[in-house]
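The structure presented is a predicted model; accordingly, all values stated were derived computationally and were not measured.
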2 protein chains.
Amino acid sequence: MAVTIRDVAREAKVSVASVSRALNGNTNVTDATRSRILRVAARLRYIPHSAARSLITRRTHTVGALLPDLFGEFFSELIRGIDLAARARGLHLLVSSSHGNANEAAAALRAMQGRVDGMLIMSPHVDADFLHRNLPDSVPAVLLNTAVKDARYSTLSIDNYGGARTMTQHLIDAGHRSIAFVTGPDGNYDAAERLRGFQDAIASSKRKIASEVLRGDFSEESGQAIGRRLAATKTRPQALFAANDMMAIGCMLALIEGGVRVPEDVAIAGFDDIPIARFVHPGLTTVRVRIAELGRSALEQLASQVEAPDAKTASAQTPRCEVVVRASCGQSAAAARGTKPL
Amino acid sequence: MAVTIRDVAREAKVSVASVSRALNGNTNVTDATRSRILRVAARLRYIPHSAARSLITRRTHTVGALLPDLFGEFFSELIRGIDLAARARGLHLLVSSSHGNANEAAAALRAMQGRVDGMLIMSPHVDADFLHRNLPDSVPAVLLNTAVKDARYSTLSIDNYGGARTMTQHLIDAGHRSIAFVTGPDGNYDAAERLRGFQDAIASSKRKIASEVLRGDFSEESGQAIGRRLAATKTRPQALFAANDMMAIGCMLALIEGGVRVPEDVAIAGFDDIPIARFVHPGLTTVRVRIAELGRSALEQLASQVEAPDAKTASAQTPRCEVVVRASCGQSAAAARGTKPL
DNA sequence: CTGAAAGCGCTTACAG
DNA sequence: CTGAAAGCGCTTACAG
């Protein structure tokens, strides 16, 4: 059906080897035969079969990305960073997402075998044993935001702990003496680390801070529910720090709707700095994770491992987060120590 | 380096054919030999080479997506729809984006050859001749939002014209007698169709409407610039309809910052209904494009073409858009005819 | 039930 | 400079 290299060879009256050479521009072919081959290839609308080529060259010029999701503010940004860096290096992207359990993730990872030169992996189902079973040692991989500590893999992580700690300190410095923290879903690594940062900041503070932990699940709705509850009570914390922006926004809008003023009555802070954070009113003070930057770095590390498979350069990086001060905490940027406004 | 089917065959003391059969669970293999093979395969951590398998089965279980971008509100939603439908059918996604020109797009499309069972194509660089040169007739493709009319390809389009026309009529019905339209970038098909819808609605209106066309480029900044200009003048239109939401939002925020009230002084409407639209203050009245739905439909059409290559079912669909009424036009949902609130 | 062989579409030493 | 041949890792008629 489709036209192959043999068809071109036959029509151009040369061997397939010559067609291959002419098309790849590599080795010695006469200008005459080369141009004849190119003409025939164009006429037949020949398009090389990438998979067949990969099979023998051992290069796919493709990286795989195993992600929990493809959409939403966070992943959109992450993919953007990955894509930018991949394009700059002429790499394609094979994506796989939304694996409900470890088996699905394993199937996805295995299906990539032979189709990618390396893997970018971010998944709650991944641990060292999982990788050992489903990823050949010969395939380079970079782990994103995982708890796995394996010397064979480079890892890149969000500074959940440090970011949460810095934000909590910022709230304390701003004068708040009772602070509530809204958690993410149970078992979520990022959420747990952010909570830990909050608690350590409270515990190590020189001042006495009343703290409280409220349960959320990262969804806007869970924030909303908390906001409504808070609006209906009289004993509100002075500040509320949500483990992600969507909950902070849901909570803030529900509070305002319930007649509570933000930031005058309650200060609100989030985590992530998703694009919406600067569009809500008041603008949301939050911890900025340079998500796209994270994706870009991850891809570049992976690419360098693909190019130099021997260089044992497994590293663990955790780029610092920064607090972005907006109106929802009722503080001018200048008053914040060591932070940077948008 | 990597373990292959031959290694498993040797260790299990069978032929590669038997290993293949056992692993694919297809044909007749004794339970004894099958379990022995499976045991050996697990011990050696054998993972089949998908590309090699595809070469002979002629099935990759992967669809390619050629998109202008991977990120941003619009594409994030589109990919979400595509991904959901692909996952439901066990298909992988090979994506390629951000092609600055036709040559880059051609290279991307060609590189997919042999790695995908079909293509989802959305690109400003694509026309019938382009497809003829860079896509074998044997590869099914579904075109998204393109001007190409080729009986060989199914197309799925956003109802830019109808949506813009309905929104314009909505503004007229709301009593606005002078309306400005903010265009998208030159040469952009969606932008041109939206402008055409606006102009036709104005032209065919029974009432006399003063209209004006302002130049934007789909960016928030271009909307901002227009908003600032409008805030500084006295001769403002009663309503402003931007060709996309980001411009509408940029314009709205700049107007408000300049002391102009929205919707009291100027009503504002956008196009797309990106997630941010309901978070800005006031909420943005806009045309909802069911983006994820578009992606889902496109993938399902493609999948059915892949499964039944002969069924010549090329179709052209244009799902209707709907006007979503929020506060930025100063009208209650009930007052809008034939529209649906969020 | 099992194996030897051909072949998917390509690239690359190896000769000439 | 050019071609015949081997081989990448797999699957599948074809025999037995």
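Close to D:dT12, at under 4.0 Å from its OP1 or OP2, lies no side-chain N or O of B:Ser20. Applying the 4.0 Å criterion to OP1 and OP2 of C:dG9, one finds that A:Thr4 has every side-chain N and O outside that range.
Under the salt bridge (Lys or Arg N to Asp or Glu O under 4.0 Å) criterion, A:Arg110 pairs with no residue at all, not counting sequence neighbours. Taking B:Arg6 as the reference, nothing meets the salt bridge (Lys or Arg N to Asp or Glu O under 4.0 Å) condition, with sequence neighbours excluded. Applying the side-chain contact (heavy atoms from CB on, under 4.5 Å) test to A:Ile56 and every residue at least two apart in sequence or in another chain returns nothing.
Contact check for A:Arg53 versus A:His61: no side-chain heavy atoms found under the 4.5 Å cut-off. Between A:Pro136 and B:Arg45, every side-chain heavy-atom pair lies at or beyond the 4.5 Å cut-off. Annotation: side chain of B:Leu66 is not in contact with side chain of B:Met122 (no heavy-atom distance under 4.5 Å). Between A:Leu93 and A:Thr62 the shortest side-chain heavy-atom distance does not fall below 4.5 Å.
Rounded to whole angstrom, the span from the CG atom of B:Leu23 across to the C1' atom of D:dG9 amounts to 13 Å. Going from atom CZ of A:Arg6 over to atom P of C:dT11 covers 14 Å, rounded to whole Å. As a whole-Å value, the separation of B:Gln113 CD from C:dG9 C1' is 11 Å. Computed from coordinates, the B:Asn24 CG to D:dT12 C1' distance equals 11 Å when rounded to whole Å. Remark: P of C:dG7 and CD1 of A:Ile5 are 18 Å apart, rounded to the nearest angstrom.
Other residues, nucleotides and ligands contribute at most 12 non-hydrogen atoms within 6.0 Å of the CG atom of A:Asp31.
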Could you list, one pair per line, each protein nitrogen or oxygen that sits under 3.5 Å from a nitrogen or oxygen of nucleotides 3-5 of chain C, together with the distance?
from, atom 1, to, atom 2, distance (Å)
C:dG3, OP2, B:Ser15, N, 3.0
C:dG3, OP2, B:Ser15, OG, 3.2
C:dG3, OP2, B:Ser18, OG, 2.9
C:dG3, N7, B:Arg21, NH1, 3.3
C:dG3, O6, B:Arg21, NH2, 2.4

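Looking at residues 45-60 of chain B, you'll see B:Leu55, B:Ile56, B:Arg58 sit with a heavy atom under 4.0 Å from some atom of DNA chain C.
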Secondary-structure string, 5' to 3', Watson-Crick or G-U under 3.5 Å, | for another-strand partners, for DNA chain D | |||.||||||||.|||
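Distance alone, capped at 3.5 Å, places no donor-acceptor pair between the A:Asn188 side chain and the A:Pro185 backbone.
When all heavy atoms of B:Leu94 and B:Arg115 are compared, the pair lying nearest together is CD2-CB, 4.1 Å.
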Hey, mind stepping through B:Leu156 and B:Thr318 against side chain to side chain contact (heavy atoms under 4.5 Å, CB included) and telling me if it holds?
-> CA-CA 6 Å; B:Leu156 227 56; B:Thr318 305; over 6 Å; no
